[in-house]
Amino acid sequence: MIDKRVAGPAEAVAGVKDGATVLVAGFGTVGIADDLLEALHEQGATNLTIVHNNAGNGDVGLARLINSGRVAKVICSYPRSGDYSAFLNAYRNKTLELELVPQGIISERMHAHAAGLGGFFSPVTAHTKLAEGKETREIDGVLHVFEKPLKGDVALLRAMKADRWGNLIYNQSARNFNPIMAMAADLSIVQVDEMVELGSMDPEAVVTPSIFIDRILVVGATS
Amino acid sequence: MIDKRVAGPAEAVAGVKDGATVLVAGFGTVGIADDLLEALHEQGATNLTIVHNNAGNGDVGLARLINSGRVAKVICSYPRSGDYSAFLNAYRNKTLELELVPQGIISERMHAHAAGLGGFFSPVTAHTKLAEGKETREIDGVLHVFEKPLKGDVALLRAMKADRWGNLIYNQSARNFNPIMAMAADLSIVQVDEMVELGSMDPEAVVTPSIFIDRILVVGATS
Amino acid sequence: MTTTYKPLNRDQMAWRAAQDLQEGAYVNLGIGMPTRAASYVPDGREVIFHSENGILGLGPKPEPGTEDENLIDAGKNYTTLIKGGVFMHHADAFLMIRGKHLDVSLLGAFEVSEAGDLANWTTEDPSFPPGVGGAMDLAVGAKEIRVIMDHTDKNGKPRILNKCRLPLTAPGCVKRIYTNLAVIDVTAQGLFVREMVEGMTLEKLQELTEPKLQLANDWRALTPPAMAA
Amino acid sequence: MTTTYKPLNRDQMAWRAAQDLQEGAYVNLGIGMPTRAASYVPDGREVIFHSENGILGLGPKPEPGTEDENLIDAGKNYTTLIKGGVFMHHADAFLMIRGKHLDVSLLGAFEVSEAGDLANWTTEDPSFPPGVGGAMDLAVGAKEIRVIMDHTDKNGKPRILNKCRLPLTAPGCVKRIYTNLAVIDVTAQGLFVREMVEGMTLEKLQELTEPKLQLANDWRALTPPAMAA
């Protein structure tokens, strides 16, 4: 019987390697897998590349990983959000590299990897500093920039409900990057508040089909 | 008050121009907007390019448009499905052009247009006859083929339920191409079985958000 | 002769921008002043607001005590969903933006050029990391890009320029500019003043604007209701 | 010496392919014989079947009288959904295929080459229009491509060839071939026979196969249960 639940946080993040690219879902403080980020801190992997919309908040989760010197690079659209002192210190000390990518291009680059594509042309960033060094092409009279797929070795996700196969539904705007990151990583790990019986979710309303999910950590509604 | 309902079939397809590219959703006989196709036949637009997975069945809908000489080109993955005699006759008489595109590439090319992209590289068709004449590029050691976005002037859609804004949900495998075609046309017209009150659909479960829909033809559960 | 005029306050600017949002329009409001426009849509008009983080159908701020921690807008403030509103994931939210599905994107700006070039993502302060968020996606995406900003910077220098000095967000995208002094359209024939606050003259407005301004034949006074600043 | 052997019938071939589908695997079954494999997954194993037209979690054929006109599979036959199954649109269904999310794609074929090249989309009959469907997407997409086909054509000529004669669906994609005579793996070191029907010899099988076959050290007899043809 398929059951993707793991026994605890350590098992959830077991095997994440040094140098891994980790997709961290969430927007602001909403839809972030806090427990999985803490578990990754315990687990010890280092030299990580983090893909996230922002760059950590306070001294928990991603910020704690940064403060512990475990993050080599952040791919994000907007580091300056909330208390981003962890990122700012590392950035100023040049111990961390920043790749700034527009929010919609981060998403679409992950979609491209998820969909098995080799890259795409987009008009976003054309004629701007963020296109410097990138291949461009005029298509139908509009300058486009070539964007490469973005792949995670691991995705750390947060959902509201899962079944034992890993079908997921989310809570309102906590959906954000979760479904697209779930599709774009080799190993997709989700922290969920609640497990439900297989077959109890509406098959028309499942947002992330189980095929994209590898491990489920049940944290409970208190998280 | 926003209300995208139209009075009848004629109003639903009013303004479709000669030479238009029409995205026709459906797979086999499931999820096809039969009433809109009949209305388009009545409306009279000709020299149409049709994008559809198949190429019509019997002498209704798309097949009837073909038999009436109104279709100049079909972009599809598999014309030989069901009773495709209408297509076959036109194909043999060379009155109709066929562009054969793999099923997943039709979908992804529409996604590319929907997402405002200028095209993408895909490994599908590389090293095959269907890549002849197309730009190729080796990416990470794998040959890829450049695919252009596919845009509809009009999309003819079929859904189970709509609200007055045009939020849509579908019936099981009748979903098929409908959501992706809804996103890829300038004018998206949907035939629905049932209207529901605004706010009565689960906001987590709407499949096609209203922004993609322009006109709604209510046909009733008898269709 | 001294020119006497009173600039609009921020709520009046938001009010003015809101008057142009039509029934049935799908609109993204940038963080900050643009977001205020949602409060000033005329009664009875249905306008559907989009948020980059996956919401179509944003409602007003929640009443105190009713905030839902899983329902925030792109500015990371608590928000609500109106009837008919739906959720989607980030890639679909940006598909809506980039694919020209939104009717209007109303953005803040540092600078706008005569050609409609937009600079609103970085002031190039070297002591802080840059951040772009969804600014570039929004600037190329919507069917129409409108900007809302103060007419001049805090030193009284023009922000409507012959060419932007700050790095571009996107070239040639802005169609209309709402400032605290005027409403200006960017056209292939140059900048046209559609409205000016009472007491303003074209000459005075030109002093505060780098590129040449033309007064539209049917220009009128910009007279929002009184609002607390 | 005459070789005496009995080829598998189509259900036995489907049975054999089904034995290799592991618990928890996500699998797309091509139209025709591959689809039969779903019926022969060993009891108690959960295997999740995918259909190009937007279904993950295909169930068995519906009982007569319970067919739902809105629930068909990629072969356009009525089907069912099992508990845990979900629906998605075509672009997402093919994202699953092309993005290497499926563990196995089990396909029919006209020809397979020594290098694993696959030809299964056209016989180039000039009197009919070509059709490709999802064949090329499936051939490049799944983590592992397996083929199920008769070992020879109706004239007894090999279908496992040095090079495909028919137009390719995709090069170098096939990893395992189930025929009515054998199970053969395509490797960088050539074709290895893993199983042969009882009474078959490598020599006889080689006569029916164009490229050189090697017998795996641990090869065994291919002995499915008896099944009505």
Side-chain angles (χ1 to χ4, degrees), chain A residues 31 102 104-126 131 134-151 159-161 167-176 178-180 183 201-209, chain B residues 31 102 104-126 131 134-151 159-161 167-176 178-180 183 201-209:
Chain A
I105 297 301
I106 294 184
S107 313
E108 197 64 26
R109 286 178 59 193
M110 290 189 285
H111 178 272
H113 173 71
L117 307 179
F120 59 88
F121 286 97
S122 150
V124 179
T125 79
K134 293 191 172 179
E135 176 187 349
T136 58
R137 176 184 295 201
E138 194 168 301
I139 299 173
D140 293 337
V142 176
L143 192 68
H144 285 66
V145 179
F146 185 63
E147 301 287 356
K148 293 179 182 165
L150 182 54
K151 164 195 184 298
M160 186 168 68
K161 294 182 185 181
N167 288 308
L168 302 181
I169 58 175
Y170 302 92
N171 188 336
Q172 304 171 95
S173 69
R175 184 182 303 195
N176 59 59
N178 282 286
I180 199 78
M183 300 193 286
M201 289 183 190
D202 177 358
E204 306 275 10
V206 166
V207 175
T208 294
Chain B
I105 298 300
I106 294 185
S107 313
E108 197 65 26
R109 286 177 60 192
M110 290 189 285
H111 178 273
H113 174 70
L117 308 179
F120 59 88
F121 287 98
S122 150
V124 178
T125 78
K134 292 192 173 180
E135 176 187 350
T136 58
R137 176 184 295 199
E138 193 169 302
I139 299 173
D140 293 337
V142 177
L143 192 68
H144 284 66
V145 178
F146 185 63
E147 300 288 355
K148 294 177 183 167
L150 183 53
K151 164 194 184 298
M160 186 168 69
K161 294 183 186 181
N167 288 308
L168 303 181
I169 58 176
Y170 301 92
N171 188 337
Q172 304 172 93
S173 68
R175 185 182 302 196
N176 60 57
N178 282 285
I180 199 77
M183 300 193 286
M201 289 184 190
D202 177 358
E204 305 276 9
V206 167
V207 175
T208 295

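All values below come from the heavy atoms of this structure, side chains included, with hydrogens, waters and symmetry mates left out. Naming convention: chains lettered A, B, ... in sequence-line order (proteins, then strands); numbering from 1 in each chain.
Distance CG/B:Asp140 to NZ/A:Lys151: 10.5 Å, rounded to 0.5 Å. Taking CD1 of B:Ile105 as the reference point, atom CG of A:Leu117 lies at 7.0 Å (rounded to 0.5 Å).
At distances below 3.5 Å, at least one donor-acceptor pair connects side-chain atoms of B:Glu204 with backbone N or O atoms of A:Gln172.
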Run the numbers on B:Phe146 and A:Phe120 for ring pair (Phe, Tyr, Trp, His ring centres under 6.0 Å), then give the verdict.
CA-CA 9 Å; B:Phe146 185 63; A:Phe120 59 88; over 10 Å; no
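If you measure heavy-atom distances from A:Val124 to chain B, you find no contacts under 4.5 Å at all. Heavy-atom distances place no part of A:Glu147 under 4.5 Å from chain B, backbone and side chain included. Proximity to chain A (any heavy atom under 4.5 Å) is restricted, for B:Tyr170, to the backbone atoms N, CA, C and O.
For A:Lys148, the NZ atom counts as loosely surrounded, since its 6.0 Å shell holds 12 or fewer non-hydrogen atoms of other residues, nucleotides or ligands.
Most heavy-atom pairs under 4.5 Å with chain A, from the set B:Ser122, B:Ala205, B:Ala115, B:Gly118: that is B:Gly118.
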